[in-house]
Student: 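One structure, pasted below without further comment.
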Amino acid sequence: MPDIKRLSEYKGSGKNLLFSLPLYAKIKIELDLSIKHDGEVIDSGSEEECPYILEHTLFYENADFTYLKTLISAEMNIYNYCPFCKKDLILKSKPKEISDEIKNSLVSQDTNIDSEETYDACINYANKKFKERYNYLIENLLDSNRNFVVELECTSKKKHNIQIFFHLSEDNFLLKIGQYPAIIDFERDLSLYKGILKKNEIKELNRAFGLKSHGVGIGAFVYLRRIFENLVFKKAELALQNDSTLNRDELLCLPMDKKIKQLENYLPDFLVNNKFLYGIISKGIHELEEEDCLLYFDAVKDAILIILDEELESINKEKRKKEISKHLEAIHSKLK
């Protein structure tokens, strides 16, 4: 079973935390200090005397606590899918007031600590101040049940409102306890793929999203693998129709990576360049734990959608070519 992720690991991928994290999944918030040392040279003013160096010891909040403050109080701009608008755009969070005292991540600092006893005293003081910050956050920015809500607004004219509810446990774990709209609503509208996916395949892709939103990682991977396999098998049939040198039994019995190599002229470039994706999905189904599959789901899902996007773009491009060619032929015939 993988280690529980720390909150700071979501920095830079906040949309996964807000929109994709399954309900009640635990995220650890550590309460240790971050300690840094900085030397400052003081010029003595004399060429004969050595400069005097001040050794500053700085005690900072750790990255988990700083990111927790960001979630609760800072203004965030996140480019993501809006379920109401059914398109990607900027979602803006609504910042909350926070005390100036705890806006800065520096908790305390000391200079030229000259003994272990003094160092211990400085750390104890910094820990005390950090604890005060943590208590301030709980008492002033969370409700009586230690809950808070991240509110976002889409930047369309209608300014749709989105809410994500979190709970901070007594043992310092962050849990997402609710979301509106639901997690699955933040997945894009799959009807745009109806030209390349059968009705039952679109249902299977939706099932993958639904299972993931309920914390079922392995089952979600099963449906993603079906989509991947079906696309490759469809291209195999197309290749067999167009290339008489291919042997059906040999092609269909090849391992997936070699099958992709054989079909590279028919498959989307992203799939060919990342053929190891199938191995990741299969390993998830047969060897990994639920938590592993949930951790890797978004990256795998996004890869599948890129492959489908490329396939859709290719089909639309061919349709457009045929339409333009038809118009050009009509113009040519008329001008003759």
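One-based numbering along the sequence shown.
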Student: Would you name the heavy atoms of V216 and E290 that are closest together and state the gap between them?
Tutor: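 Distance-wise, the nearest heavy atoms are C-OE1, 3.5 Å.
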Student: Which heavy atom in L288 sits nearest to a heavy atom in D292, and how many Å separate them?
Tutor: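 Nearest heavy atoms, L288 then D292: CB-CB, 3.7 Å.
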Student: Can a side-chain donor-acceptor contact be found between N172 and Y134 if the only test is distance below 3.5 angstrom?
Tutor: yes
Student: Would you indicate whether H332, at its atom NE2, is surrounded by more than 12 heavy atoms from other residues, nucleotides or ligands within a distance under 6.0 Å?
Tutor: no
Student: Kindly indicate whether the side chain of I281, heavy atoms from C-beta on, has any atom under 4.5 Å from the side chain of V300.
Tutor: yes
Student: What distance separates Y81 OH from L89 CG, expressed to the nearest 0.5 Å?
Tutor: 10.0 Å
Student: For K94, I'd like to know if atom NZ has over 12 heavy atoms of other residues, nucleotides or ligands within 6.0 Å.
Tutor: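 Enclosed.
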Student: Just wondering, do K326 and K321 contact through their side chains at under 4.5 Å, heavy atoms?
Tutor: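 No, side chains not in contact.
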Student: Would you say that N80 contacts L152 through its side chain, given a criterion of any heavy-atom pair below 4.5 Å between the two side chains?
Tutor: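 N80 vs L152: side chains apart.
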Student: Between K212 and D298 (salt bridge meaning N to carboxylate O under 4.0 Å), is one present in this structure?
Tutor: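 Salt bridge: yes.
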Student: Work out which heavy atom in A208 is nearest to a heavy atom in Y223; give both atom names and the distance.
Tutor: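 Taking A208 first and Y223 second, the nearest heavy atoms are CB-CB, 3.8 Å.
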Student: When rounded to the nearest 0.5 angstrom, what distance separates CZ in R225 from CD1 in I304?
Tutor: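 CD1 of I304 is found 11.5 Å from CZ of R225.
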Student: May I ask you to test the F233-F228 pair for a side-chain heavy-atom distance under 4.5 Å?
Tutor: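 F233 does not reach F228 side chain to side chain.
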Student: Regarding E237 and R248, does a basic nitrogen lie under 4.0 Å from an acidic carboxylate oxygen?
Tutor: yes
Student: Side chains of L277 and I307: does their closest heavy-atom pair fall under 4.5 Å?
Tutor: yes
Student: With a cut-off of 6.0 Å (strictly less than), are more than 12 heavy atoms of other residues, nucleotides or ligands near NZ of K15?
Tutor: no
Student: Taking the side chain as every heavy atom from C-beta outward, state whether F173 and I29 have any atom pair closer than 4.5 Å.
Tutor: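 Counting from C-beta outward, F173 and I29 never come under 4.5 Å.
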Student: Salt bridge between E264 and K275, side-chain N to carboxylate O under 4.0 Å?
Tutor: no
Student: Are L197 and Y266 joined in one hydrophobic group, where the rule is that I, L, V, M, F, W and Y side chains link up if heavy atoms are under 4.5 Å apart?
Tutor: no
Student: Do the side chains of T57 and T111 get nearer than 4.5 Å, heavy atoms only?
Tutor: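 The answer is no; the side chains never approach within 4.5 Å.
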Student: Of the non-hydrogen atoms in D171 and K28, which two are nearest, and what is the gap between them?
Tutor: O-NZ, 3.2 Å
Student: Among the clusters formed by ILVMFWY side chains lying less than 4.5 Å apart, do L211 and F209 turn up in the same one?
Tutor: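 Shared cluster, no.
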Student: Decide if atom CD of E97 counts as having more than 12 heavy atoms of other residues, nucleotides or ligands within a radius under 6.0 Å.
Tutor: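 No, CD of E97 has 12 or fewer neighbouring heavy atoms, counting only those of other groups under 6.0 Å.
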Student: Specify whether F148 and F166 have parallel, tilted or perpendicular ring planes, treating 30° as the upper limit for parallel and 60° as the lower limit for perpendicular.
Tutor: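 Ring orientation of F148 relative to F166: parallel.
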Student: Using atom types as modelled and distance alone, determine if a side-chain donor or acceptor of S93 lies under 3.5 Å from a backbone N or O of N77.
Tutor: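 Side chain of S93 to backbone of N77: no pair is present.
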Student: For atom OH of Y125, decide whether the heavy atoms of other residues, nucleotides or ligands shown that lie under 6.0 angstrom number more than 12.
Tutor: no
Student: Which value, rounded to the nearest 0.5 Å, describes the distance between T70 atom OG1 and L7 atom CG?
Tutor: 9.0 Å
Student: Within the supplied structure, the quantity of interest is the number of heavy atoms (other residues, nucleotides, ligands) at a distance under 6.0 Å from H56 NE2; does it exceed 12?
Tutor: yes
Student: Which pairs would a plain distance check flag for residues 312-319, meaning a side-chain donor or acceptor within less than 3.5 Å of a matching protein atom at least two apart in sequence or in another chain?
Tutor:
{"unit_1": "N316", "atom_1": "ND2", "unit_2": "L312", "atom_2": "O", "d": "3.3"}

Student: Could you tell me whether the side chain of Q262 and the main chain of K259 form a donor-acceptor pair under 3.5 Å?
Tutor: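 No, because the side chain of Q262 does not come within donor-acceptor range (under 3.5 Å) of the backbone of K259.
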Student: Rounded to the nearest 0.5 Å, what's the gap from NZ on K157 to SG on C85? Could you check?
Tutor: 12.0 Å
Student: Say whether, by atom type as modelled, one donor and one acceptor occur between the side chain of Q179 and the main chain of Q163 under 3.5 angstrom.
Tutor: no
Student: If you compare all heavy atoms of I202 against all heavy atoms of Y193, which two are closest, and at what distance to 0.1 Å?
Tutor: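 Between these two residues, the closest heavy atoms are CD1-C, 4.3 Å.
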Student: So which heavy atom on I98 is nearest to which on S73, and how close?
Tutor: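 In terms of heavy atoms, the two residues are closest at CD1-OG, 3.7 Å.
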Student: For the pair K198 and E204, evaluate salt bridge (Lys or Arg N to Asp or Glu O under 4.0 Å) and give the outcome as yes or no after the intermediate values.
Tutor: CA-CA 10 Å; K198 296 178 181 178; E204 288 181 342; over 6 Å; no
Student: Rounded to the nearest 0.5 Å, how far apart are CG of L141 and CG of L71?
Tutor: 12.0 Å
Student: Kindly list each side-chain donor-acceptor pair under 3.5 angstrom involving residues 58-65, sequence neighbours excluded, with atom names and distances?
Tutor:
{"unit_1": "E61", "atom_1": "OE1", "unit_2": "T66", "atom_2": "OG1", "d": "2.9"}
{"unit_1": "E61", "atom_1": "OE1", "unit_2": "K69", "atom_2": "NZ", "d": "3.2"}
{"unit_1": "E61", "atom_1": "OE2", "unit_2": "K69", "atom_2": "NZ", "d": "2.8"}
{"unit_1": "E61", "atom_1": "OE2", "unit_2": "R133", "atom_2": "NH1", "d": "2.5"}
{"unit_1": "N62", "atom_1": "OD1", "unit_2": "D64", "atom_2": "N", "d": "2.9"}
{"unit_1": "N62", "atom_1": "OD1", "unit_2": "F65", "atom_2": "N", "d": "2.9"}
{"unit_1": "N62", "atom_1": "ND2", "unit_2": "E30", "atom_2": "O", "d": "2.7"}
{"unit_1": "N62", "atom_1": "ND2", "unit_2": "D32", "atom_2": "O", "d": "2.7"}
{"unit_1": "N62", "atom_1": "ND2", "unit_2": "D32", "atom_2": "OD1", "d": "3.2"}
{"unit_1": "D64", "atom_1": "OD1", "unit_2": "R6", "atom_2": "NE", "d": "3.4"}
{"unit_1": "D64", "atom_1": "OD1", "unit_2": "S8", "atom_2": "N", "d": "2.9"}
{"unit_1": "D64", "atom_1": "OD1", "unit_2": "S8", "atom_2": "OG", "d": "2.7"}
{"unit_1": "D64", "atom_1": "OD2", "unit_2": "R6", "atom_2": "NE", "d": "2.7"}
{"unit_1": "D64", "atom_1": "OD2", "unit_2": "R6", "atom_2": "NH2", "d": "3.0"}
{"unit_1": "D64", "atom_1": "OD2", "unit_2": "E30", "atom_2": "N", "d": "2.9"}

Student: Working to the nearest 0.5 Å, report the span between NZ of K261 and CG of L263.
Tutor: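 Nearest 0.5 Å value for the NZ-CG distance: 11.5 Å.
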Student: Should R226 and E229 count as an ion pair when the cut-off is N to O under 4.0 Å?
Tutor: no
Student: Are the side chains of K176 and F165 in touch, meaning some heavy atoms are under 4.5 Å apart?
Tutor: no
Student: Against K92, only a single residue in E75, E151, E153 fulfils side-chain hydrogen bond (donor to acceptor under 3.5 Å, both in side chains); can you say which?
Tutor: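 The single option meeting the side-chain hydrogen bond (donor to acceptor under 3.5 Å, both in side chains) with K92 is E75.
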Student: In terms of side-chain heavy atoms, does Y119 have a donor or acceptor partner in D110 at a distance below 3.5 Å?
Tutor: no
Student: Any side-chain donor-acceptor pair under 3.5 Å between N147 and H167?
Tutor: yes
Student: So if you build clusters from Ile, Leu, Val, Met, Phe, Trp, Tyr with side-chain heavy-atom gaps below 4.5 Å, do L238 and L267 land together?
Tutor: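 As far as the 4.5 Å side-chain criterion goes, L267 and L238 are not connected within one cluster.
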Student: So, the side chain of D243 versus the backbone of A239: is there a donor-acceptor pair under 3.5 Å, distance only?
Tutor: no
